[in-house]
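The structure under discussion appears below in the form of structure tokens.
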Amino acid sequence: MNDISAYINSAILKIPFNLFNIISQYIELNSSVKVAIVGGYIRDLLITKIHKKNFFNPLDIDIVTEGSSVDLAKFIKKNISNVELCLIKEFEIYDTVELNINDLKIDIASARKEKYEAPGLNPIVKHANIKEDLKRRDFSINAIAFEFSKQEIYDFFDGIKHIQEKELHLLHENSIQDDPSRLIRCARYASRLDFKISNKSLQQSQKVIQRWPWVMMKDDVKSKFPPGISIRIRMELAEIYKYDNLAKIVSLLNDWEIISILNKNISINKKFLRGLKWIKKLKGNYILYLLKNSENLELTCQRFFINSKEKKILKDYLNITNQLDNEKEKFLYLTPSQWTEFIETKNLDEETVKLLICNGGLFWKSFFKWLFVYKFIKSKKSGEFLKSEGWQPGKEMGDEIKRLRYIEIDKTKKK
């Protein structure tokens with residue numbers, strides 16, 4: 001432990017922009033108020049040290065103070081030097097501040113404790129000390145802190161031990177019930193860090209998810225989908241889609257038997273995983289891909305805050321897949337122009353077409369060719385040219401332009 005403490009102390013002294021000295025000066029000027037670095041910065045330092053893994057590449061730093069987060073942020077900004085950019089954003093609801101110094105993001109929060117009045121609702125917060133603040137966090141490995149004034153490591157929940165064992169431990173028995181998005185985060189950490197979920201945490205997760213989505217009461221009205229849950233789950237998925245292997249994480253949720261947090265109808269097979277890769281290649285809407293075969297589309301759209309445009313995309317996708325299944329023989333011999341007419345007459349959104357491509361099956365190539373080839377092909381004769389030949393503007397000229405365009409589209413079949 002002494003070796004680990006010395007390593008963390010040495011690393012903290014080297015944090016950029018002379019932050020260690022600036023924060024230490026702030027503490028001296030403010031009656032020895034406690035300030036600590038917490039969360040991922042400390043966790044990743046420890047993983048690098050313990051597992052000899054070149055993992056540490058900080059993009060952000062989380063700081064918690066028992067004083068005012070705003071005062072600390074303003075003090076840092078006032079005393080920092082030799083930087084191109086230093087911006088402050090304040091978030092009053094949780095008394096937090098985002099400080100952007102060049103490419104480094106620092107989140108500063110006043111220490112708080114949280115109480116969830118109902119599963120998935122945003123918590124009620126009260127000011128607290130650093131130990132109580134660490135207690136509200138998700139996993140023990142994220143509840144390790146370095147306190148500046150005494151240069152001391154706080155590890156009240158065996159986070160260092162769990163890093164050594166490469167295990168993810170939820171901090172308390174209501175962790176998932178309070179915030180079900182922690183299930184997604186747990187799979188993200190398991191994938192990114194190559195950790196496993198502890199048996200106790202897995203049992204808690206499975207027990208809670210058996211009741212998902214639960215019914216809650218708000219103003220004497222039943223509501224199955226507290227909005228806080230939906231927002232947090234979508235945020236977690238966005239983070240995964242941007243930085244992680246979504247297929248691996250969804251597979252972990254399936255292995256842990258908690259896939260219904262997303263969609264209980266997801267089947268992890270070659271077809272699904274192929275589609276997941278393609279939706280990323282096509283820069284498509286991965287949320288819609290995960291939800292496309294939901295049992296109850298209306299309730300799913302409510303749960304994930306699916307807007308009216310996205311809802312239409314899903315409905316069109318389901319209608320087209322049903323039509324393709326029921327009228328397979330009709331579609332087997334369509335020409336490129338007939339596929340173009342089919343897609344464009346139905347006014348399908350490109351996101352619907354991407355879902356149809358990712359779904360695979362007999363006809364995915366036709367949708368792919370429309371998306372990248374057919375839709376860009378134009379008639380060799382423009383409207384102006386046809387008018388010079390004596391055509392009058394109107395439906396007949398429009399039909400002629402379409403006919404000439406379809407001729408060009410069908411030429412692609414011969415190439």
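Please read these numbers as outputs of a predicted model, since none were measured by experiment. The figures here come from the full heavy-atom set of this structure, side chains too, leaving out hydrogens, waters and symmetry mates.
Under the 6.0 Å cut-off for aromatic ring centres, Y189 and F139 qualify, their centroids lying closer than that. In this structure, W339 has its ring center closer than 6.0 angstrom to the ring center of F363. Aromatic rings from Y154 and F156 are positioned such that their centres are separated by under 6.0 Å.
Between D179 and R232 there is a salt bridge, since at least one side-chain N of the basic residue sits less than 4.0 Å from a carboxylate O of the acidic one.
By the 4.5 Å heavy-atom criterion applied to side chains, I101 and I80 are counted as neighbours. Contact annotation: the side chain of T65 never approaches that of D71 to less than 4.5 Å [non-hydrogen atoms, C-beta and beyond]. Side-chain contact between Q210 and E257 is absent, with no heavy atoms from C-beta onward closer than 4.5 Å. Side-chain contact between E236 and I233: absent, with no pair of heavy atoms (C-beta onward) separated by less than 4.5 Å. The shortest side-chain heavy-atom distance between I320 and L348 falls under the 4.5 Å cut-off.
Between F20 and F148, the angle of the ring planes lies from 30° to 60°, which puts this pair in the tilted group. Ring orientation note: the planes of Y241 and Y286 are close to parallel, at an angle under 30° on the 30°/60° scale. Ring planes of F372 and F368: tilted class, angle from 30 to 60°.
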Given the rule in the ring-ring contact (aromatic ring centres under 6.0 Å, His included) test, do F342 and F331 qualify, once you have shown the distances and angles that lead to the verdict? CA-CA 10 Å; F342 172 72; F331 289 95; 5.0 Å; yes

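The CG atom of L193 lies 7.0 Å from the CG atom of D44; values are rounded to the nearest 0.5 Å.
Between the side chain of N296 and the backbone N or O of L299 there is at least one donor-acceptor pair closer than 3.5 Å. With hydrogens and angles disregarded, a donor-acceptor distance shorter than 3.5 Å links the side chain of S294 to the backbone of L291. Checking side-chain atoms of D155 against main-chain N and O of I144 turns up no donor-acceptor pair under 3.5 Å. Of the possible donor and acceptor atoms, none in the side chain of S267 sits under 3.5 Å from a partner among the backbone N and O of N269. Of the possible polar contacts, one joining the S110 side chain to the G67 backbone as a donor-acceptor pair under 3.5 Å is found.
Atom NZ of K375 has more than 12 heavy atoms from other residues, nucleotides or ligands within 6.0 Å.
Taking both residues in full, the closest heavy atoms of A11 and Y41 are given as O-OH, 4.4 Å, listed atom of the first, atom of the second, then distance.
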